[in-house]
Amino acid sequence: MRHRPALGALLYFAGAVVMGAYFTFAAVQGDYGLFRRAEIEVEAGRLEAELAALEAEVAEMENLTTRLSDDFLDLDLLDEQARDVLGLMRTDEVVVR
């Protein structure tokens, strides 16, 4: 006599396989999956490099601001800024274009 497997057991195992496939897909490709984590890590590295560049630029601007303040006057920097902004030059200088 042939014995057919129970339909309930087949549906149970089919449902378990489908749910396992869904959760595996979500773990790899979902909003909190492995691929998204890799994208976030790459973006974090890029943003850290941009932050370092901006911090260096801010430090340079703070240095220039300090050097032009009333407490600390750098005559070379003042001369450079006057030449750049106002287009001034000394009478004994030659301009090459």
Value rounded to 0.5 Å, distance of CD1 in I40 from CG in L47:
11.5 Å
Could you grab the distance from atom OG1 of T65 to atom CD of E60, nearest 0.5 Å is fine?
10.0 Å
How about D92: does its CG atom have over 12 heavy atoms from other parts shown lying under 6.0 Å from it?
yes
Are any of the side-chain heavy atoms of E80 and D76 separated by less than 4.5 Å?
no
Indicate if M19 and Y22 have the same hydrophobic cluster label, given that clusters are the connected sets of ILVMFWY residues with side-chain heavy-atom separations under 4.5 angstrom.
yes
Roughly how far, to the nearest 0.5 Å, is the CD atom of E43 from the CZ atom of R36?
7.0 Å
Is it the case that over 12 heavy atoms from other parts of the model lie below 6.0 angstrom from the CD atom of E57?
no
